[in-house]
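Just so it is clear, the structure is predicted and the values come from calculations on it, not from any experiment. Side-chain atoms are counted along with the backbone in the values below, which use heavy atoms only and exclude waters and symmetry mates.
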Amino acid sequence: MYSIAVASSGSGTGIWAYLAVFAATAAGYMGIPFIGSAAIGAAAVLASQGQLNIAVVLIVAAIGSEVGGLLGFQIGDRWGRQLLEHPGPALGMRKKAVAKGEEVYRKWGRAAVFFTPSLVSGAMNMKFSQFAMWNFFAGAAFVLSVGPAAYGAGKVSTGHHDPVSLGMLIGGLALGAVCVLLALRHHRRHKARQSAAGTPPGPAKAPADPA
């Protein structure tokens with residue numbers, strides 16, 4: 001059984017590693033691409049070699065995803081449109097990002113939380129209560145698919161695998177596949193409702209530009 005304790009031979013290395021996982025996961029959910037998955041994957045591989053504790057890695061990453069998501073949403077809700085559409089460098093790129101976010105929400109509805117940074121969800125004026133719930137599920141699914149899969153892969157690659165690590169590898173990959181299937185199912189239902197209503201039912205539209 002895993003102990004919920006720092007597994008770093010009594011040094012402070014594990015604590016800093018867990019803090020790095022928390023920060024990277026939070027930053028990833030706020031909008032920095034790939035940093036969260038890279039941090040969870042790397043920490044899980046280290047855990048598979050006995051340098052970290054996989055249970056602590058998963059708990060810290062789950063908390064980081066929730067905190068980062070909620071913080072990013074608040075920033076996006078208050079200042080997202082101003083930041084993304086403020087005149088200055090890369091304005092065209094930022095406007096394209098807004099248009100892309102709107103397109104994703106039209107197509108996927110609330111399930112877009114699985115595919116877009118929380119800053120975008122806030123800028124799209126999604127209801128906070130809805131976002132908090134979907135962000136929790138998205139973060140939990142992300143952490144519990146990437147972490148165990150990377151842990152199991154680390155064990156298998158070094159030839160030290162056992163039934164538990166093999167189960168984590170298979171379970172992580174299976175959970176990721178199930179999430180994709182559920183998202184596709186939600187997308188089909190959302191598209192059907194959209195066709196029936198004649199308008200996309202996604203998040204409330206942001207106020208139009210005064211210009």
Q: Verify the cluster assignment for Phe137 and Leu70: are they in a single hydrophobic cluster under the rule of side-chain heavy atoms below 4.5 Å apart?
A: yes
Q.
Using the side-chain contact (heavy atoms from CB on, under 4.5 Å) criterion, which residues pair with Ala39? Sequence neighbours excluded.
A. Ala24
Q: Could you go through the side chain to side chain contact (heavy atoms under 4.5 Å, CB included) check for Trp16 and Leu19 one step at a time?
A: CA-CA 5 Å; Trp16 288 108; Leu19 288 175; 4.0 Å; yes
Q: To the nearest 0.5 angstrom, please state how far the CZ atom of Phe73 sits from the CD atom of Gln130.
A: 9.0 Å
Q) What is the minimum heavy-atom distance between Lys155 and Gln49, and which atoms define it? A) N-NE2, 4.4 Å
Q | Cluster check Val67, Ile59: I/L/V/M/F/W/Y, side chain < 4.5 angstrom | A | yes
**Q.** same_hphob_cluster(Val45, Leu52) at 4.5 Å side-chain heavy-atom cutoff
**A.** no
Q.
Apply side chain to side chain contact (heavy atoms under 4.5 Å, CB included) to residues Tyr18 and Val57 and explain how you reach the verdict.
A. CA-CA 6 Å; Tyr18 299 134; Val57 168; 3.7 Å; yes
Q. Are Met30 and Ile35 connected in the hydrophobic side-chain network, where two residues link if heavy atoms are under 4.5 Å apart?
A. no
Q. Do you know which two heavy atoms are closest between Gly147 and Ala44, and how far apart they sit?
A. O-CB, 3.3 Å
Q. Hey, does Trp134 have a side-chain heavy atom less than 4.5 Å from the side chain of Ser121?
A. no
Q.
Within the supplied structure, the quantity of interest is the number of heavy atoms (other residues, nucleotides, ligands) at a distance under 6.0 Å from Phe128 CZ; does it exceed 12?
A. yes
Q. Where do Ser65 and Asn135 come nearest, in terms of heavy atoms and distance?
A. O-ND2, 3.6 Å
Q) Closest heavy-atom contact between Phe131 and Ser118? A) CZ-CB, 3.5 Å
Q. Below 4.5 Å, heavy atoms only, C-beta onward: do Leu58 and Tyr151 meet side chain to side chain?
A. no
Q: Carefully, step by step, assess Val113 and Met126 under the rule side chain to side chain contact (heavy atoms under 4.5 Å, CB included).
A: CA-CA 10 Å; Val113 173; Met126 185 177 185; 3.8 Å; yes
**Q.** Minimal non-hydrogen separation, Tyr29 against Gly68, with atom names
**A.** CB-C, 4.2 Å
Q. Looking at CD1 of Ile40 and OG1 of Thr25, how far apart are the two atoms once the value is rounded to the nearest 0.5 Å?
A. 4.0 Å
**Q.** Shortest non-hydrogen contact between Pro148 and Val143, atoms and distance
**A.** CD-O, 3.4 Å
